[in-house]
Amino acid sequence: MVKRISLVISLLLTLAVLAGVRFSVLLGLGLTIGFILERFGFGFAGPWRRFIRDRDAQGIIAQLIAIGLTALAIQPLIAYAPGTLIGAIAPVSLTMIIAAAIFGLSMQMILGCGSGTLVNAGSGNLLALAALPLFCVGSFLGSLLIPFAIQSTPHIPLSLTKLLGVEQSVVITLVGLFIVGLTARGFSQGPIWNGRFLIAAILLAVLAVLHVLVAGQPWGVVYGLGLWAAKAAHGIGWDPNTAQFWIHPINASALKESILTDTTSLTNIGLVMGAALAAWIDSVNRPFKQRIAVWYYLVAAFFGLLLGISSRLAFGCNVGGLFSGIASGSMHGWAWLAAGFAGSIAGVHLRDKLWLLASREAK
């Protein structure tokens, strides 16, 4: 244990020397988030599945609290520091809604959203390890499709803070989350409070606020995955000047620079590391993992590809689109929530059928 922690500290210090303290802190934030998500069993895909299947609302209530606490802090911060801090504001469109629904379905097939796939991969989950490379490829392919998506359907950015002011935006956000919570409570068939999840929610909100202060933007996942695949494609001959998304100055610069200076890449790497550390600590208490047929790993890879494509077209996953979007006052986050949950309902039922078949064949 001490050796692992010493190794992590050494890595953070090395990054601080090579890239700067800010980037080292970002890696540390990602590592801490990954550790908490894995250690506390906190996530997005799993709680949604438990609510859909078992009417267990504990995880969803904790998610809503985490988003609300984050919104309460970052909306005023972003509003009073324009240019220095930016929110996760994205447009609402038909293609965005369809993509969010596809993401919701796909994440249930591998039981991991953007952050969940990284955390599960870090903890040694073989399905996540099969899905993650295709997730990266899909995110890259999705970036190539964004111009077509924007041209095909109207994309309307709606920021509550710009439309109504920060005070009303915060109130509406909190009221909206409260209404969703009451709705979840109405469908729940058991207790809605879970002390473990609530602690994780509070810690996650604190880390999300710190991320905004350090990175200048809310926590996201998908961009970093697509960037990794874009760098690989560029290395084998792909010309980024042929892609409208990648000729944008910010994206072109990220493509040229090291991933050790890319905000999302650093937090993503940290998620994997933090989850791996938490899994190692808790390895003795982990139950035996159920065997499944080999073909389900191909299913996971396919839906990993869909996760990447759909998350780009939906302008984020559960983290960048839903969590950070709603917390920033973006209507896009609310549209993502509705569409993603609808897709998850279909995904849960489909996964249960295929999982049962894959489990039987593995015996």
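Position 1 is the first residue of the sequence; numbering continues from there.
- Here the straight-line distance linking atom CD of Q108 with atom CZ of R53 works out to 10.0 Å at 0.5 Å rounding.
- Side-chain contact, Q75 with S169: a donor N or O sits under 3.5 Å from an acceptor N or O.
- Residues L271 and V25 are members of one and the same hydrophobic cluster, defined by side-chain heavy-atom contacts under 4.5 angstrom among Ile, Leu, Val, Met, Phe, Trp and Tyr.
- Taking CG of L203 as the start and CD1 of I36 as the end, the distance is 4.5 Å to the nearest 0.5 Å.
- Atom OG1 of residue T117 and atom CG of residue N125 lie 9.0 Å apart, to the nearest 0.5 angstrom.
- Using a 4.5 Å cut-off on side-chain heavy atoms (C-beta onward), L350 and W355 make no contact.
- Note that the CG atom of L266 and the CE atom of M273 stand 10.5 Å from one another [nearest 0.5 Å].
- Counting only heavy atoms from C-beta outward, the side chains of L227 and T264 never approach each other to under 4.5 Å.
- F245 approaches S143 most closely through the heavy-atom pair CB-O, 3.4 Å.
- I179 and F341 are members of different hydrophobic clusters when ILVMFWY side chains are connected at heavy-atom separations under 4.5 Å.
- Between the side chain of H211 and the backbone N or O of Q217 there is at least one donor-acceptor pair closer than 3.5 Å.
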Hey, mind stepping through L132 and L118 against side chain to side chain contact (heavy atoms under 4.5 Å, CB included) and telling me if it holds?
-> CA-CA 7 Å; L132 183 56; L118 289 167; 3.8 Å; yes

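- The hydrophobic cluster containing L337 does not contain L182, counting ILVMFWY residues as joined when their side-chain heavy atoms lie under 4.5 angstrom apart, directly or transitively.
- Proximity of a side-chain donor or acceptor of R312 to a complementary backbone N or O of L141 within less than 3.5 Å is not detected.
- Using a distance-only test at 3.5 Å, with no hydrogens or angles considered, no donor-acceptor pair links the side chain of S139 to the main chain of C136.
- Hydrophobic clustering (side-chain heavy atoms under 4.5 Å, transitive across Ile, Leu, Val, Met, Phe, Trp, Tyr) groups M331 together with L64.
- Between P47 and Q63 the shortest side-chain heavy-atom distance falls below 4.5 Å.
- In this structure, L204 and W219 have side chains that are in contact, with non-hydrogen atoms separated by less than 4.5 Å.
- Minimum interatomic distance between L105 and A346 (heavy atoms only, all atoms of both residues): CD1-CB, 4.1 Å.
- Residues H155 and V92 form no side-chain contact, since every pair of their non-hydrogen atoms from C-beta on lies 4.5 Å or further apart.
- Environment of CD1 in I250: sparse, with no more than 12 heavy atoms of neighbouring residues, nucleotides or ligands closer than 6.0 Å.
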Show your working on side chain to side chain contact (heavy atoms under 4.5 Å, CB included) between S344 and I52 and close with a plain yes or no. CA-CA 8 Å; S344 286; I52 293 168; 4.0 Å; yes

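- Ring geometry, F103 versus W336: the interplanar angle exceeds 60°, so the pair is classed perpendicular (tilted spans 30 to 60°).
- Of all the heavy atoms in A57 and S188, the pair that sits closest is CB-CB, 3.9 Å.
- Across L306 and S106, no two heavy atoms sit closer than the pair CB-OG, 3.5 Å.
- T261 approaches F23 most closely through the heavy-atom pair O-CE2, 3.2 Å.
- Using a 4.5 Å cut-off between side-chain heavy atoms of Ile, Leu, Val, Met, Phe, Trp and Tyr, with links allowed through other members, W295 and L127 fall into the same hydrophobic cluster.
- Among L111, V348, N318, the one residue that satisfies the side chain to side chain contact (heavy atoms under 4.5 Å, CB included) test with W48 is N318.
- Looking at heavy atoms from C-beta onward, I74 lies in side-chain contact with S328 at the 4.5 angstrom threshold.
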**Item:** Trace of the side chain to side chain contact (heavy atoms under 4.5 Å, CB included) decision for S152 with T95
**Value:** CA-CA 8 Å; S152 63; T95 53; 3.8 Å; yes

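- Across all their heavy atoms, R55 and F187 have their closest contact at CD-O, 3.1 Å.
- Side chain of D54 to main chain of D56: no donor-acceptor pair is present (N/O by atom type, distance under 3.5 Å, no hydrogens or angles).
- Y223 and N251 share a side-chain donor-acceptor pair at under 3.5 Å.
- To the nearest 0.5 Å, the span separating CD on E38 from CD1 on I281 amounts to 10.5 Å.
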**OP:** Check the pair W228 / S265 against side-chain hydrogen bond (donor to acceptor under 3.5 Å, both in side chains), numbers first and verdict last.
**Re:** CA-CA 8 Å; W228 300 349; S265 293; 2.9 Å; yes

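- F323 is not listed as a side-chain neighbour of S115, based on a closest heavy-atom distance of 4.5 Å or more.
- In this structure, the ring of W238 has its center less than 6.0 angstrom from the ring center of F140.
- For the atom pair CD1 of I102 and CE of M107, the computed distance is 13.5 Å after rounding to the nearest 0.5 Å.
- Side-chain atoms of S330 never come within 3.5 Å of backbone atoms of I326 as a donor-acceptor pair (strictly under, hydrogens ignored).
- Side-chain N or O atoms of S24 include one that pairs as donor or acceptor with a backbone N or O of L12 at under 3.5 Å.
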Between D352 and R49, is a side chain to side chain contact (heavy atoms under 4.5 Å, CB included) present by the stated rule, with each step listed? CA-CA 10 Å; D352 284 348; R49 181 169 180 261; 3.1 Å; yes

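- Proximity of a side-chain donor or acceptor of N268 to a complementary backbone N or O of V221 within less than 3.5 Å is detected.
- Formation of a donor-acceptor pair under 3.5 Å by the K231 side chain with backbone atoms of I259 is not found in this model.
- For the pair I33 and T267, the minimum side-chain heavy-atom distance is 4.5 Å or more.
- Judged by distance alone, the side chains of S159 and T161 do bring a donor and an acceptor atom under 3.5 Å apart.
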